[in-house]
Amino acid sequence: MTEPVRVRFAPSPTGKPHVGNIRTAMYDWIFARHTGGKFILRIEDTDVARKKEGALEAIMESLKWLGLDWDEGPEVGGDYGPYFQSQRLELYQKAAKKLVEKGNAYYCYCSPERLEALRKEQEARKLQTGYDRFCRNLSPQERAAKEAAGIKPVVRFKVPEQGQTRFHDLIYGDVVFENSIIDDFVMLKSDGYPTYHLASVVDDHTMKISHVIRDEGWLSSAPRHLLMYKALGYEPPLYVHHPVIVGADRAKLSKRHGAVALLDFRDMGYLPETMFNFLTLIGWSLDDKTEIMTRQQIVENFSIERMGKTGAFFNMEKLDWMNGVYIRGLTIDDLSEKLLPFLDKYLPPEVKRPLDVNYVRQIVPLIRERINTLKDAAAYAEFFFVDKLEHDASKFTDKKTNAETALTALKSAEEILSSLDSFDCDQLENTLRRLAEKLGVKAGQLFNVLRVATTARDATPPLFETMAVLGKERCMKRIKAAISRLGNNRDS
RNA sequence: GCCCCCAUCGUCUAGAGGCCUAGGACGGCGGCCUUUCAAGCCGUAAACAUGGAUUCGAAUUCCAUUGGGGGCACCA
């Protein structure tokens, strides 16, 4: 095996690719980069009915967002194109014809209705389902009659009735199938389009694909492909089937498990480096402890031998944690930049746009270790942006602090703070600690009351930094509002 | 029904016969730090599906069983 490594990601354009598909693309890409091989993007658009508008764009956008650049494929071209199967029909038709001529395939005129009835009956009698080879040995006259009737045939592969097909999968090891349980599958549909089986075999061969990396669901159709390679006289590629990502019910991940498209994760505020790292780790590990890895580290250390065989659950809690780790690793400027569109989208409409980047930059250090996604920021930092706060009176009091104390503290704070000329952290701290002492309350009690007054929250970034960013004017306004809120509350 | 694949803490995993009284991470719990919330740090509970076989010795090998997943389309 001295052939250069060429791997392909071959999605069909039926929607936004979900994390499972994309993980396959990642393994392709990582393996290609690790070996210095080529990563090819090929579009399997042979099902006219399932093709979806915008799907191709979503595929490319997903790959680009994760930084998976392809060496050949749409937009970039390549020596083995075209890279859309719908533009390669002739190739498949020629291959099918060749197999018919060689006696490895035949035309089938069975109607969908007959096939449907056949399957129903097989199921009812609990028999092995599959085509009954009705057209396998049609006489020339019978064929001519069907043709004359205007029936458009499909081409079926003539599967040997005896023997076994075996192959070595790089992850699953040796796998053996009895040929007798494989039915004569359709290679070429009556509309002239190939099925996946034919198209992928022809393309993988003509595109000189060295390793077929795909999910485990394909394991059971691999023997069909091997049989075709043999009949066509092609050298088969190496197979690397990998386990799938499963949902909470352990079933293969799909739309019904909720938000699973990669781009949805982008929109929820996960970073591409998080997704790359996290997705790699579902089914592959470097060693017994390394978890946070750069793309470079992953590429350098990746090996198929260290991929697992077990379907894995997509653990959202761990994803959140990891995204937090990556967020905290960003510089203030970088994070501010990334946060801007999310703040713009999720902050209440009354907040004036455009947002001030410099102001955001001041806030970022305060919320950085408190958010796990970019989207979290808006809800977390809302009080930094809105004009009017809704104070919840009950938040001012706790076991240690009653309403009386809170009100007194606020009034004293208002007085002393209004005399301050600047609102920097040190000065605020000095002033307020002294005030607490004077009032005979714990510093924390006073801080908490002021926290609620200035933010309307009981969980915020550190008080002095927060107040400093908010600025004197806004703080004083809010403290006054809090005083009247508390006063009114007590009177009523 | 037939065929294929899989099986270590709740979850993701390390483990390729003795290093395992099974390691790490997320989550949980407890603590430290602390003006709240986080972050950080420390600690803790928590798993080899079951039964045989091989071996001086098995999470690691083999065979059953059980459980789970996938396939059996003119879809990929």
Side-chain angles (χ1 to χ4, degrees), chain A residues 10-12 14 44-47 49-50 108 110-112 115-116 119 122-131 152-156 169 172-173 175-178 180-183 185-191 193-197 199-200 214-223 241 243-244 246 248-252 278 281-292 305-306 308-322 324-325 328 367-372 380 398 429 432-433 436 442-448 450-452 455 457-464:
Chain A
S12 64
T14 54
E44 311 227 324
D45 54 350
T46 56
D47 187 342
R50 291 207 314 160
C108 168
C110 292
S111 66
L115 264 15
E116 172 70 15
R119 210 187 64 230
Q122 288 167 332
E123 277 168 4
R125 294 174 54 196
K126 298 205 182 298
L127 293 171
Q128 183 178 319
T129 54
Y131 183 56
K152 286 259 175 248
V154 300
V155 177
R156 286 183 185 273
D169 184 89
Y172 287 102
V175 189
V176 187
F177 289 81
E178 292 295 330
S180 58
I181 59 113
I182 306 170
D183 76 341
F185 56 93
V186 173
M187 294 172 17
L188 199 67
K189 310 179 216 174
S190 54
D191 62 3
Y193 276 71
T195 60
Y196 170 85
H197 306 301
S200 69
R214 50 159 54 153
D215 83 55
E216 187 217 355
W218 294 106
L219 204 54
S220 46
S221 45
H241 290 93
V244 296
V246 301
D249 54 1
R250 305 298 310 178
K252 186 171 169 177
F278 188 75
L281 244 25
I282 301 181
W284 178 81
S285 63
L286 172 59
D287 55 28
D288 59 343
K289 41 191 57 125
T290 314
E291 305 236 82
I292 302 291
E305 293 74 58
R306 290 195 63 83
K309 311 178 171 182
T310 322
F313 175 71
F314 191 94
N315 188 182
M316 277 293 222
E317 277 83 44
K318 189 159 182 174
L319 210 220
D320 280 339
W321 161 77
M322 189 176 280
V325 171
R328 276 170 252 130
I367 65 171
R368 184 157 58 160
E369 57 253 353
R370 293 173 173 77
I371 57 175
N372 282 327
Y380 201 88
D398 56 35
E429 176 153 16
L432 291 171
R433 282 197 190 278
K442 291 239 181 211
Q445 282 179 275
L446 174 63
F447 298 165
N448 284 337
L450 274 170
R451 182 190 322 283
V452 177
T455 68
R457 306 270 185 106
D458 47 19
T460 73
L463 182 63
F464 313 123

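Chain naming here is simple, since letters A, B, ... match the order of the sequence lines and numbering starts at 1 in each.
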Atom [atom1], compared across [N] and [M]: separation rounded to whole Å:
N     : M     : atom1 : answer
B:A49 : B:U44 : C1'   : 26 Å
B:C20 : B:C9  : C1'   : 15 Å
B:A59 : B:C33 : C1'   : 40 Å
B:U65 : B:C3  : P     : 12 Å
B:U66 : B:G30 : P     : 43 Å
B:G57 : B:G18 : C1'   : 7 Å
B:A47 : B:U55 : C1'   : 25 Å
B:G28 : B:U11 : P     : 16 Å

| task | For A:R50 and A:T14, test the side chains for any donor-to-acceptor distance below 3.5 angstrom and give the result as yes or no. | result | no
Looking at the side chain of [X], which of [options] is the nearest nucleotide?
X      : options             : result
A:R250 : B:A76, B:G69, B:A39 : B:G69
A:W321 : B:C26, B:C3, B:C75  : B:C26
A:L219 : B:C5, B:C12, B:A76  : B:C5
A:N448 : B:U35, B:A7, B:U11  : B:U35
A:I282 : B:C75, B:C2, B:C12  : B:C12
A:T310 : B:C12, B:C3, B:A7   : B:A7
A:V186 : B:A73, B:G24, B:C26 : B:A73
A:P462 : B:U36, B:C74, B:C5  : B:U36
A:Y172 : B:A76, B:C6, B:C26  : B:C6
A:T46  : B:G24, B:A76, B:C6  : B:A76

What class does the angle between the rings of A:F278 and A:F314 fall in, given that below 30° is parallel, 30 to 60° is tilted and above 60° is perpendicular?
-> perpendicular
side-chain contact (heavy atoms from CB on, under 4.5 Å) filter on A:R433, not counting sequence neighbours, yields A:E429, A:A443, A:F447
A:K152 meets the side-chain contact (heavy atoms from CB on, under 4.5 Å) criterion, sequence neighbours left out, with A:S190
Determine: side-chain N/O of [X] to OP1/OP2 of [N], distance under 4.0 Å, yes or no.
X      : N     : result
A:R368 : B:A39 : no
A:R306 : B:G15 : yes
A:R156 : B:C74 : yes
A:S220 : B:C5  : no
A:R214 : B:A76 : no
A:K189 : B:A76 : yes

Separation of [N] [atom2] from [X] [atom1] (nearest whole Å):
X      : N     : atom1 : atom2 : result
A:H241 : B:A76 : NE2   : C1'   : 13 Å
A:K252 : B:G69 : NZ    : P     : 13 Å
A:D287 : B:G15 : CG    : C1'   : 12 Å
A:E291 : B:G27 : CD    : P     : 11 Å
A:R50  : B:C74 : CZ    : P     : 14 Å
A:M316 : B:G28 : CE    : P     : 16 Å
A:E216 : B:G68 : CD    : P     : 16 Å
A:E317 : B:C9  : CD    : C1'   : 16 Å

**Request:** With A:R370 as the cation and A:Y380 as the aromatic partner, state whether NZ or CZ is under 6.0 Å from the six-membered ring centre and within 45° of the axis.
**Result:** no
Classify the nucleic acid contact of [X] as base, sugar-phosphate or nothing, counting any heavy atom under 4.0 Å across all strands shown.
X      : value
A:S200 : nothing
A:S190 : base
A:A443 : nothing
A:D458 : base
A:S285 : sugar-phosphate

Is there a donor-acceptor pair under 3.5 Å between the side chain of [X] and the backbone N or O of [Y]?
X      : Y      : answer
A:Q122 : A:G130 : yes
A:D215 : A:V244 : no
A:Y193 : A:D47  : no

[N] pairs with which nucleotide, Watson-Crick or G-U wobble, both distances below 3.5 Å?
N     : value
B:U21 : none
B:C72 : B:G1
B:A49 : B:U65
B:A14 : none

Side-chain donor/acceptor contact of A:K318 with base of B:A25 under 3.5 Å = yes
Point to revise | Under 3.5 Å donor-acceptor pair, A:T129 side-chain atoms to B:C72 base atoms | key: yes
Original post:
Does some side-chain heavy atom of A:T46 sit less than 4.5 Å from a side-chain heavy atom of A:Y196?
Top reply: no
RNA chain B nearest-nucleotide lookup for A:V176 and A:N372: closer to the 5′ end is A:V176
